[in-house]
Engineer: 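Sharing a structure with you now.
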Amino acid sequence: MRWSRYFLYTSKEDPADAEAPSHRLLLKAGFIKQISAGIYEILPAGWRVIRKIESVVRKEMDRSGAQELLLTVLNPADLWKETGRWDSYGNELFRLRDRNGREYCLGPTHEEEITDLVRKFVKSYRQLPLILYQIQVKFRDEKRPRFGLVRGREFIMKDAYSFDADEMSAMMSYETMKFAYDRIFKKLRLNVIMAQASVGNIGGSQSHEFIAFTDYGEALVGFCESCGYAANAEIISLARPPEEREDPLPMEKVRTPDVRTIEDLASFLGTSPSKILKALLYIVDGKDSLVVLIRGDREVDENKLEAVLGTDDFRLATDEEVRDLLGTEKGFIGIFNLPDGIRVLWDNSIYGVKNMVVALNEPHWHYINANPGRDFNYGEFFDLARVEEDDPCPQCGGILKVRRGLELGHIFLLGTRYSEPMRAYYTDPSGEEKPIIMGCFGIGISRIMSALVEQHHDERGIKWPVPVAPFELDIICLNTSDPDISQTAEKLYLEAEEKGIEVIYDDREESAGFKFADADLVGFPYRIVVGKKVKDGKVEVQKRETGESWDFSIGEAVDRVKEMIERDKA
RNA sequence: CGGGGCGUAGCUCAGGUGGCAGAGCGUCGGCUUUGGGAGCCGAAGGUCGGGGGUUCAAGUCCCCCCGCCCCGACCA
């Protein structure tokens, strides 16, 4: 491909509205173009990358025995009503009507449609097990699209569905997919960790997430290097710590004027946040008040709180509500003098803390040296704290590390969540009708492009790994008006094409610096620079990843590059 | 959906107290240049997000709406 004819336009300026490196670089380097919030066009160079990602995914899915098909984007509402998700999916579902008033949605995921398909054809245990998958555009009207392709409202996803006769076989399918995913992310050169996860709205009995470490990820993973445990932070349970061994000091009431934050209170009293009892007032279901007690150095994980409460309809109280309900102010909420009948949850972190600093619901005052049993009694304990670095591993007691990451894949063992209500049944060898056991397995294809950039870039631009690069080689003609140079570049371009290298030939009439900057930005893994050295019969080969460069004779350059590319693909 | 910010040329942005619509980059024409986003000359390019209002006069002041980005709660 000659760059002078290629639809690839880079920008010298950083785009104004992009913060995450992947978002900024994909826009700046001309891979994507924004149409609306969370809606992007994928331009030719970007599409080449997407197609390569897809082909890696396809290859491994096919190899694992899964069969590709294509379901529909337009989903009739009837199917969604069968499982109840027409109502429960809420505002994230894009809904529309046809000319006759029939309701449809744009498919955000396809459990309903695939189950409908399978129930029509699969009647016997002889037809199981079965794994079907597709690669398709999905639509979700996300509350908050983010970071370019990281979370779009329209995005490309690979979704696979397994169908098995019994739990044991379903587990086998699940394991098969696990291995396939492992191979996929390795081939894509992504640093990914598999973590236990919560099943959330999709339902089912177990699930794992495949998370790529990035600073701009949305998932929080805790993992243990000594035993290999890894899980989404929201499901890592934190037990009660051992009791502190301190002699109780006499409790005292201390004036703490306008000291509202934990940090300020700790320094005001000359103590540490871990000695302070933090109390938060929540409003549940828009009406009930709830006090959550947690150690001052810890944060509430609202996913855990949701699990305990059984609802996601809760929020922190406003200043006015704190005043009306507790008669105090934020920063001075405590366990003393709480109104009767208010629900109180104690986080495990509080257990065993001695000589604690506690507020008493009276503005500008705290108690110091409050002790359990003597000054107050514990209520019911729960696990509500967000996991932090150095917390104990729930599996081996080792030390957890905590990192941000991007969820690239998620696999679920669904059980009969869909087959039961949709009556996808098969007949077993004894003639008995049974629901098919299902699993579902997603990979965010377009999101992978973002993750790749997050993990492979520097200050100058993207550094595509060879297996996903839009072109493997960029041949730069440094002086288009020098016939020696341009004819050599032309010759090398034709030779590279002939030898099966995916090559872009920068024949544009631009300055050297301009072309180098573009090459760095767009991120081609290899570059042949054709310039003054041609008069000595040499060209320069450069590797983007490492910055290494070599002078080769004009005759051998393409072959040497070809060798390096082949090595990188292996 | 709550909180914060922004909307002026293709892109990045400037336009105190209302008074002729601006710059750099990019684009087009010409000259010159070619190992790290070159230089000179010339040109084109605008419903100032939309609507209403105040005023002799609105990019600027007021009201309503729309869009985008960031932080939080949800997802691949």
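As the structure is a computational prediction, the values presented were derived from the model and not from experiment. Lettering of chains follows the sequences in order, A, B, ..., and the numbering in each one begins at 1.
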Engineer: Give me the ring orientation class for A/W80 and A/Y89: parallel if the planes are under 30° apart, tilted from 30 to 60°, perpendicular past 60°.
Structural biologist: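 A/W80 vs A/Y89 ring planes: perpendicular.
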Engineer: Counting the benzene-type ring for Trp, do A/F7 and A/Y9 have ring centres under 6.0 Å apart?
Structural biologist: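 Close enough - the centres of the two rings lie under 6.0 Å apart.
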Engineer: Closest-nucleotide mapping onto RNA chain B: is A/A16 or A/N303 further toward the 5' terminus? I mean the 5' end.
Structural biologist: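 Going by which nucleotide is closer to the 5' end, it is A/A16.
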Engineer: Taking only the side-chain heavy atoms of A/R460 (C-beta and beyond), determine which of B/rC71, B/rC68, B/rG36 contains the nearest atom.
Structural biologist: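 Taking heavy atoms from C-beta onward, the closest nucleotide is B/rG36.
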Engineer: What protein N or O atoms touch nucleotides 22-31 of chain B N or O atoms at under 3.5 angstrom, if any, and at what distances?
Structural biologist:
none

Engineer: Report yes or no: do A/Y40 and A/K33 form a side-chain donor-acceptor pair below 3.5 Å?
Structural biologist: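 No, A/K33 and A/Y40 have no side-chain donor paired with an acceptor closer than 3.5 Å.
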Engineer: With C1' as the reference atom in both, quote the distance from B/rU32 to B/rG18 in angstrom, rounded to an integer.
Structural biologist: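 Approximately 47 Å lies between the C1' atom of B/rU32 and that of B/rG18.
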Engineer: Give a yes or no on whether A/D458 atom CG has more than 12 heavy-atom contacts from other residues, nucleotides or ligands under 6.0 Å away.
Structural biologist: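 Yes, CG of A/D458 has more than 12 neighbouring heavy atoms, counting only those of other groups under 6.0 Å.
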Engineer: B/rC69 P sits how many Å from A/D14 CG, rounded?
Structural biologist: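 Distance check: A/D14 CG to B/rC69 P gives 17 Å.
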Engineer: As a quick check of understanding, evaluate side-chain contact (heavy atoms from CB on, under 4.5 Å) for A/R298 and A/E388, giving each step before the final call.
Structural biologist: CA-CA 8 Å; A/R298 312 236 43 155; A/E388 284 167 20; 3.6 Å; yes
Engineer: Rounded off to whole Å, could you give me the CZ-to-C1' distance for the A/R447 and B/rC75 pair?
Structural biologist: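 The answer, rounded to whole Å, is 7 Å.
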Engineer: Evaluate the ring planes of A/F471 and A/Y6, with Trp represented by its six-membered ring, and classify them as parallel (under 30°), tilted (30 to 60°) or perpendicular (over 60°).
Structural biologist: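 Aromatic pair A/F471/A/Y6 classed perpendicular.
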Engineer: With both distances under 3.5 Å as the test, what is the Watson-Crick or G-U wobble partner of B/rG37?
Structural biologist: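 Looking at the geometry, B/rG37 pairs with no nucleotide.
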Engineer: Taking only heavy atoms on the protein side, list every residue of residues 450-459 of chain A lying under 4.0 Å from any atom of RNA chain B, sorted numerically.
Structural biologist: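 The stretch gives none, as no residue of it lies under 4.0 Å from the strand.
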Engineer: Rounding to an integer number of angstrom, what distance separates B/rC65 and B/rG72 when you compare their P atoms?
Structural biologist: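 The answer is 27 Å between these two P atoms.
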Engineer: Centroid separation under 6.0 Å, is that true for the rings of A/F31 and A/W464?
Structural biologist: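 Yes, ring centres under 6.0 Å apart.
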Engineer: Expressed in angstrom and rounded to an integer, what is the separation of A/N479 atom CG from B/rU32 atom C1'?
Structural biologist: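 It is 13 Å, rounded to the nearest whole Å.
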Engineer: Is any side-chain N or O of A/R151 under 3.5 Å from a base N or O of B/rC74, one able to act as donor and the other as acceptor?
Structural biologist: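 Donor-acceptor pair under 3.5 Å: yes.
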Engineer: Distance check, P atoms only: B/rG45 and B/rU33, in whole angstrom units.
Structural biologist: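 The same atom, P, in both gives a distance of 32 Å.
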Engineer: For A/N232 and A/E209, which I'm curious about, is there any donor-acceptor pair between the side chains at under 3.5 Å?
Structural biologist: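 Indeed, the side chains of A/N232 and A/E209 share at least one donor-acceptor pair under 3.5 Å.
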Engineer: To the nearest Å, how far apart are A/F147 CZ and B/rC69 P?
Structural biologist: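 Result: 11 Å.
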Engineer: Using purine N1 to pyrimidine N3 plus N6-O4 or O6-N4 for Watson-Crick, or N1-O2 and O6-N3 for G-U wobble, each under 3.5 Å, what pairs with B/rG16?
Structural biologist: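 Pairing partner: none.
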Engineer: Rounded to whole Å, please give me the gap between CD in A/E19 and P in B/rC70.
Structural biologist: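 The answer, rounded to whole Å, is 6 Å.
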Engineer: Does a side-chain heavy-atom distance below 4.5 Å link A/E234 with A/E306?
Structural biologist: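 Side-chain contact under 4.5 Å: no.
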Engineer: Flag the pair A/V468 / A/M449 as yes when at least one side-chain heavy-atom distance between them is below 4.5 Å, and no otherwise.
Structural biologist: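 Not touching, per the 4.5 Å side-chain cut-off.
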Engineer: Within the pair A/K532 and B/rG35, is there a side-chain N or O less than 4.0 Å away from OP1 or OP2?
Structural biologist: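 For B/rG35, OP1/OP2 do have a side-chain N/O of A/K532 under 4.0 Å.
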Engineer: Output the rounded distance in Å from CZ (A/R24) to P (B/rU12).
Structural biologist: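 In whole Å, B/rU12 P lies 14 Å from A/R24 CZ.
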Engineer: Just jot down the side-chain hydrogen bond (donor to acceptor under 3.5 Å, both in side chains) partners of A/D182, sequence neighbours excluded, or say none.
Structural biologist: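 For A/D182 the side-chain hydrogen bond (donor to acceptor under 3.5 Å, both in side chains) partners, ignoring immediate neighbours, are A/K186.
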Engineer: Tell me: CE of A/M157 to C1' of B/rC75, nearest whole Å?
Structural biologist: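 After rounding, the reported distance stands at 10 Å.
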Engineer: Atom CD1 of A/I35 to atom P of B/rG67: distance rounded to whole Å?
Structural biologist: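 So the two atoms are 15 Å apart, to the nearest Å.
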Engineer: Which base, if any, makes a Watson-Crick or G-U wobble pair with B/rG2, both distances under 3.5 Å?
Structural biologist: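 For B/rG2, the partner nucleotide comes out as B/rC71, under the 3.5 Å rule.
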Engineer: With both distances kept under 3.5 Å, what pairs with B/rG7, Watson-Crick or G-U wobble?
Structural biologist: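 B/rC66 - that is the nucleotide pairing with B/rG7, both distances being under 3.5 Å.
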Engineer: Assuming nearest nucleotide by heavy-atom distance, tell me which of A/P145 and A/E306 is located more 5' along RNA chain B.
Structural biologist: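 Looking at the nearest nucleotide for each, A/P145 comes out on the 5' side.
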Engineer: If the C1' atom of B/rG51 is compared with that of B/rG59, how far apart are they to the nearest Å?
Structural biologist: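 It comes out at 16 Å once rounded to the nearest Å.
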